[in-house]
Student: 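I am attaching a structure below and will ask some questions about it afterwards.
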Amino acid sequence: MEVLKRGLVLLMVFMVFQRGEGQLFENFYRGTCPNLEMIVKQVVSTKFSQTFVTIPATLRLFFHDCFVEGCDASVMIASPNGDAEKDAQDNLSLAGDGFDTVIKAKQAVEVQCPGIVSCADILALAARDVVVLAGGPSWEVELGRRDGLVSQASKVAGNLPDPEFNLVQLNTIFAKNNLTQFDMIALSGAHTLGFSHCNRFSNRLYSFSSSSVVDPSLDPNYAQQLMQACPQNVDPSIAINMDPETPRTFDNLYYQNLVSGKGLFTSDEVLFSDPASQPTVSDFASNPGNFNGAFITAMRKLGRVGVKTGNEGEIRMDCTKFKDA
């Protein structure tokens with residue numbers, strides 16, 4: 001009898017380990033919404049066919065959601081008072097196409113599986129799907145998240161990396177979310193897609209330091225390109241590609257760009273200039289397979305950050321509103 005009990009305890013421990021942090025596990029909806037991944041993938045593909053922005057916008061939305069209150073779709077909430085997460089200064093640049101992708105996917109899922117799948121899980125699946133659509137790797141997404149019950153703009157400041165962060169600051173903010181320096185460097189590879197507004201890096205072009213107006217770590221030709229695209233006092237709505245070489249493809253050129261002095265943000269450039277992180281950047285620049293593997297691992301870890309399961313959250317009917325709102 002004692003042996004049987006011990007065996008059952010070991011089995012339960014093994015099952016918890018398999019499910020990952022927060023009791024997430026693959027095929028969570030196998031019995032309740034078996035076509036979930038196909039439904040989300042179809043909506044994401046349709047949205048992508050309408051605009052490429054779907055890809056970077058959805059991927060960035062997932063990151064911004066997970067780093068504030070955990071991966072609970074709290075960033076999706078729309079507040080009539082303008083005080084939800086999405087209204088915070090750091091989130092005003094999130095492209096609407098990311099929100100629209102998740103909202104449309106949720107609507108499609110609700111038709112077949114009403115009241116079953118969280119917006120948080122749909123966002124996690126959509127983030128994987130856009131990476132694949134851009135030519136990146138695929139992975140199994142752990143599921144079982146509940147949607148969060150809190151979304152406050154005041155909780156955002158200080159919880160997202162700043163484009164001027166150094167390596168210590170980057171490591172500190174990622175460590176708060178159980179992500180290592182290696183994970184951080186891999187997740188930074190998402191900057192191979194998407195765009196940035198000029199004001200996020202203009203200090204590197206026009207007011208870097210008392211001894212150098214232009215950041216000397218920038219490749220001179222790249223700096224000239226940036227100045228042409230982003231002259232001083234440029235329209236704040238103007239944005240440029242973060243990867244000047246292959247901005248629509250998920251690849252390892254982001255790291256090759258860092259080696260060549262073509263990192264857009266200070267927080268990009270520092271990954272190569274700091275001796276503590278340079279070897280990883282050099283490895284990812286030379287070995288796309290190593291980067292893809294590290295990115296998959298980091299995305300799965302990111303997806304476990306601060307998740308709500310069981311009674312800790314809810315399943316929203318509308319991703320933009322709390323269930324009882």
Side-chain angles (χ1 to χ4, degrees), residues 47-48 50-64 86 88-101 127 130-131 133-136 160-166 170 184-209 212-273 281 284-285 291 295:
K47 178 73 182 171
F48 166 61
Q50 296 162 356
T51 172
F52 174 81
V53 178
T54 298
I55 289 178
T58 305
L59 188 55
R60 188 163 177 245
L61 187 66
F62 180 60
F63 182 86
H64 278 235
K86 68 183 295 186
Q89 187 65 37
D90 286 343
N91 283 334
L92 294 179
S93 62
L94 290 171
D97 288 296
F99 293 95
D100 192 45
T101 299
V130 294
V131 169
L133 281 171
L160 290 168
D162 187 274
E164 296 180 19
F165 270 7
N166 61 33
L170 288 169
M184 178 271 292
I185 297 171
L187 289 170
S188 296
H191 286 177
T192 190
L193 300 166
F195 49 86
S196 170
H197 292 94
C198 296
N199 65 346
R200 301 292 280 176
F201 56 86
S202 59
N203 66 302
R204 300 186 73 196
L205 304 175
Y206 302 110
S207 57
F208 184 69
S209 71
S212 179
V213 175
V214 179
D215 185 341
S217 67
L218 278 170
D219 172 81
N221 291 329
Y222 183 51
Q224 284 296 321
Q225 289 175 29
L226 293 178
M227 284 189 269
Q228 288 172 8
C230 295
Q232 285 183 288
N233 304 314
V234 68
D235 182 334
S237 66
I238 297 296
I240 68 161
N241 293 321
M242 286 194 284
D243 177 352
E245 306 299 333
T246 55
R248 295 192 168 210
T249 305
F250 188 94
D251 54 26
N252 70 326
L253 256 69
Y254 166 78
Y255 302 100
Q256 295 178 25
N257 291 337
L258 297 187
V259 174
S260 302
K262 297 178 182 176
L264 188 60
F265 301 144
T266 301
S267 59
D268 292 318
E269 178 272 327
V270 74
L271 300 182
F272 183 69
S273 63
V281 171
F284 289 170
F291 162 52
F295 185 80

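This chain uses plain numbering: 1 for the first residue, then up along the sequence.
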Student: Indicate yes or no: at least one non-hydrogen side-chain atom of Phe48 is less than 4.5 angstrom from one of Val130.
Tutor: no
Student: Which heavy atom of Asp90 sits nearest a heavy atom of His64, and at what distance?
Tutor: O-CE1, 3.5 Å
Student: So Phe272 and Val259, do their side chains get closer than 4.5 Å, heavy atoms only?
Tutor: yes
Student: Please find the pair of heavy atoms, one from Val214 and one from Phe208, that lie closest to each other, and give the distance.
Tutor: C-CB, 4.0 Å
Student: Answer yes or no: is there an ion pair linking Glu269 with Lys262, defined by an N-O contact shorter than 4.0 Å?
Tutor: no
Student: According to the interplanar angle, ranging from 0 to 90°, do the rings of Phe284 and Phe291 count as parallel (below 30°), tilted (30 to 60°) or perpendicular (above 60°)?
Tutor: tilted
Student: Could you walk me through whether Asp215 and Ser217 pass the side chain to side chain donor-acceptor pair (under 3.5 Å) check?
Tutor: CA-CA 5 Å; Asp215 185 341; Ser217 67; 2.8 Å; yes
Student: Nearest 0.5 Å please: distance from the OH atom of Tyr206 over to the SG atom of Cys230.
Tutor: 7.0 Å
Student: Check whether any side-chain heavy atom of Thr192 sits under 4.5 Å from a side-chain heavy atom of Asn257, and report yes or no.
Tutor: no
Student: In Å and rounded to the nearest 0.5 Å, what is the CG to CD distance from Asn203 to Glu164?
Tutor: 4.5 Å
Student: Between Tyr222 (side chain) and Ser260 (backbone), is there a donor-acceptor pair under 3.5 Å?
Tutor: no
Student: Could you tell me whether the side chains of Thr54 and Asp97 share a donor-acceptor contact shorter than 3.5 Å?
Tutor: no
